[in-house]
Amino acid sequence: MNPTRLFDCIEWQLEKYSKEDMFAAKENGEWRKYSTTEIKNTIDSLSMGLLHANIGYQDGTIEGRDKIAVLSNNRPEWMILDMAVQQTGAVLTPIYPTINVNELEFILNDASVKLVFVSDEELYNKVQSIRSKTPSVQAVYTFNTIQSALHWKELLHSGTEEDLQQLKASKDSIKPDELATILYTSGTTGFPKGVMLSHHNILDNINNVNDILVPVCNYKDKALSFLPLNHIFERVVTYIYLFNGVSIYYAESLETIGENLKEVHPTVFSTVPRLLEKVYEKIIAKGREQKGIKKSLFFWAVALGSKYEVDKNQGFWYNLQLSIANKIIFSKWREALGGNVKAIVTGAAACQVRLLRVFTAAKIVIMEGYGLTETSPVISVNCFDSQNRRFGTVGPVIKNVTVKLAEDGEICCKGSNVMMGYYKRPDLTAECIDNDGWFHTGDIGVWAENRFLKITDRKKEIFKTSGGKYVAPQPIENKMKESPFIEQMMVLGAERKFTSALIVPAFANLATWCAKNNIEYNNIAEMLSNPKVIEHYKTIVEKFNLLFNPVEQIKKFELLDNEWTINGGELTPTLKLKRKVIMDKYASAIERIYASNDQK
């Protein structure tokens, strides 16, 4: 068979490499494995149940396709629902579990959602709290068993011969260029926009990156899944796994990733840079706890790794030292990731180059890529082979996708991966897809070595000071976050006299520093207002300032006593800064920065 729709991956896997552990998830403390055959039968049963409930493809229009929402953690039921819905001709509309009720109400009404599936009681109550304001919703089903709630298995239908024929007819009627999913992007401002992607958009993108991922994705491999499936990145990676026969094990939560890695021993997983940074910070913190020769060897290995260059032989002496470092130090890093990891795929934001160097030196290849929900998502990616991988870039553009840089450096993309458009918003579609079919990403980039794409900033985030000078905040933020004392940072200065920053300290590291320097305090606010602490951060900032042009240098800053989070509203679900939200929330701190003409 030649797969042309996403749900074809089931027949494909049955034909090529049927597995005993197509999916696996923790149930009552034990890993429960789901075979390809069991998953196929469950998907078909759910499809027939949905068709019985008159859910599916009502007419030939986008509006004629019923919309089904899901708010859930990653689990086998998520993907079962996705493929079951596709087979009926209905459209899955995933929603982040962390969404606020106002945005949830907007999406359910905007998409006229008929059925909602949730994982647990908390999310069930969140949906129920706005049921009176969402008239299109007919029922809410749960994956966990919750008293007085409808359970998803109530929809499963064993199927008569007539039901099986109806399902076959439904599947056969679905064409590759038809709508497969609507993904509401949270964005950094305003209400979410519904990105419409067809089977062809996503499947073509999968085919165009498949060769790149084959070295780490085959039927003998296992993957650990923990990035939200609501995001197109993890969902597409999941389908790549399915088409290549990779077994998918679902992490219990973000808190259990370390433990689950050691249990599953995956060969590959996908992540976002912030989570990779946290892994690195934990490793470094453990290194600091070492004593004597062990501590010296640890940081000798880290220093060696920080000099690593991809696709460049640095000579016999460096290679010999690195092989020793790998044997006595970095081998423990690999063990902490389960011992079998060949590569980590990362995207959604820029990854710090120092992390790329050290992990690669430790024989853990980081394949950093780039794309947007609107591009299904991959535009470019660093490959497993070193010739097609460069630190500080997002790799070569994938096949069958064309990229050009506009006069202002904006990355424009053309190909079958470009979305069908924004749901019900032709005006917004026309703003980002021009008459020649080029999708304008809003990202600014340059070419490295004429073939590696490098992202320099978000077009909308570049600001102009009152002196008329342009500042790109992301490179400054990413560089300064290399300090073990800076957890998060946002650079400011639009229409202001100078560039400044809001800084969230790395509180654990700062507390250790305070203890060593005999600084006493009763609470975090008292710690941050201590003159020695402020002077410590001035020294850090001034050291990094030397790497930037005068207009880009941070002249003043405020230390904040709360970390920015998704639940707090300061971060998007993929951990990007919601700059407008942060500026509004910390308006008084910003005004303190600019209250005086003094820039020191």
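Each residue takes its place number in the sequence, starting with 1.
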Side chains of [X] and [Y], donor plus acceptor under 3.5 Å:
X: Y586; Y: E558; result: no
X: N417; Y: N208; result: no
X: N230; Y: R235; result: no
X: N382; Y: Y370; result: no
X: Y422; Y: E431; result: no
X: T134; Y: E105; result: no
X: D434; Y: H440; result: yes
X: S198; Y: D177; result: no
X: Y594; Y: S500; result: yes
X: T61; Y: D59; result: yes
X: E482; Y: Q352; result: no
X: Q553; Y: T499; result: no

With a 6.0 Å cut-off (strictly less than), is the heavy-atom count around [atom1] of [X], excluding the residue itself, greater than 12?
X: K479; atom1: NZ; answer: no
X: E495; atom1: CD; answer: yes
X: K469; atom1: NZ; answer: no

Please step through side chain to side chain contact (heavy atoms under 4.5 Å, CB included) for the pair T572 and K578, ending with a clear verdict. CA-CA 6 Å; T572 71; K578 286 189 174 182; 3.9 Å; yes

Quick one: closest heavy-atom pair of [X] and [Y], and the distance?
X: L104; Y: I95; value: CD1-CD1, 3.8 Å
X: T465; Y: V551; value: CG2-CG2, 4.2 Å
X: L6; Y: H199; value: N-ND1, 3.2 Å
X: T238; Y: Y250; value: CG2-OH, 4.5 Å
X: P228; Y: Y96; value: CB-CE2, 3.9 Å
X: R5; Y: F243; value: O-CZ, 4.3 Å

Are [X] and [Y] close enough for a salt bridge, meaning some N to O gap below 4.0 Å?
X: D385; Y: R389; answer: no
X: E591; Y: R496; answer: yes
X: K481; Y: E487; answer: no

Worked check of side chain to side chain donor-acceptor pair (under 3.5 Å) between E234 and S225: CA-CA 8 Å; E234 185 70 10; S225 173; 2.7 Å; yes

Min side-chain heavy-atom separation [X]-[Y] under 4.5 Å:
X: I232; Y: I202; answer: yes
X: T441; Y: C412; answer: no
X: M489; Y: I554; answer: yes
X: Y141; Y: L115; answer: yes
X: I43; Y: F7; answer: no
X: I366; Y: L276; answer: yes
X: F498; Y: I593; answer: yes
X: L203; Y: N205; answer: no

I'd like to know whether V446 forms a side chain to side chain contact (heavy atoms under 4.5 Å, CB included) with T456, so could you lay out the CA-CA distance, the side-chain angles of the two residues, the decisive distance to 0.1 Å, and finally the verdict. CA-CA 7 Å; V446 294; T456 56; 4.2 Å; yes

Return the orientation label for the H231 and F233 ring planes: parallel under 30°, perpendicular over 60°, tilted otherwise. perpendicular

Parallel, tilted or perpendicular: which describes the rings of F226 and F269, with under 30° parallel and over 60° perpendicular? tilted

Just verifying a value: how many Å separate I80 CD1 and F117 CZ, rounded to the nearest 0.5 Å? 11.5 Å

How far apart are the C-alpha atoms of Y184 and E103, what are their side-chain angles, what is the distance that settles it, and do they pass the side chain to side chain donor-acceptor pair (under 3.5 Å) test? CA-CA 10 Å; Y184 281 84; E103 287 193 352; over 6 Å; no

With a distance cut-off below 6.0 Å to the six-membered ring centre and an angular limit of 45° from the axis, does K404 pair with W438 as a cation-pi contact? yes

Would V471 and I462 satisfy side chain to side chain contact (heavy atoms under 4.5 Å, CB included), going step by step from the backbone distance to the final call? CA-CA 6 Å; V471 175; I462 293 173; over 6 Å; no

Walk me through it: do S376 and N201 pass the test side chain to side chain donor-acceptor pair (under 3.5 Å)? CA-CA 6 Å; S376 306; N201 284 148; 4.6 Å; no

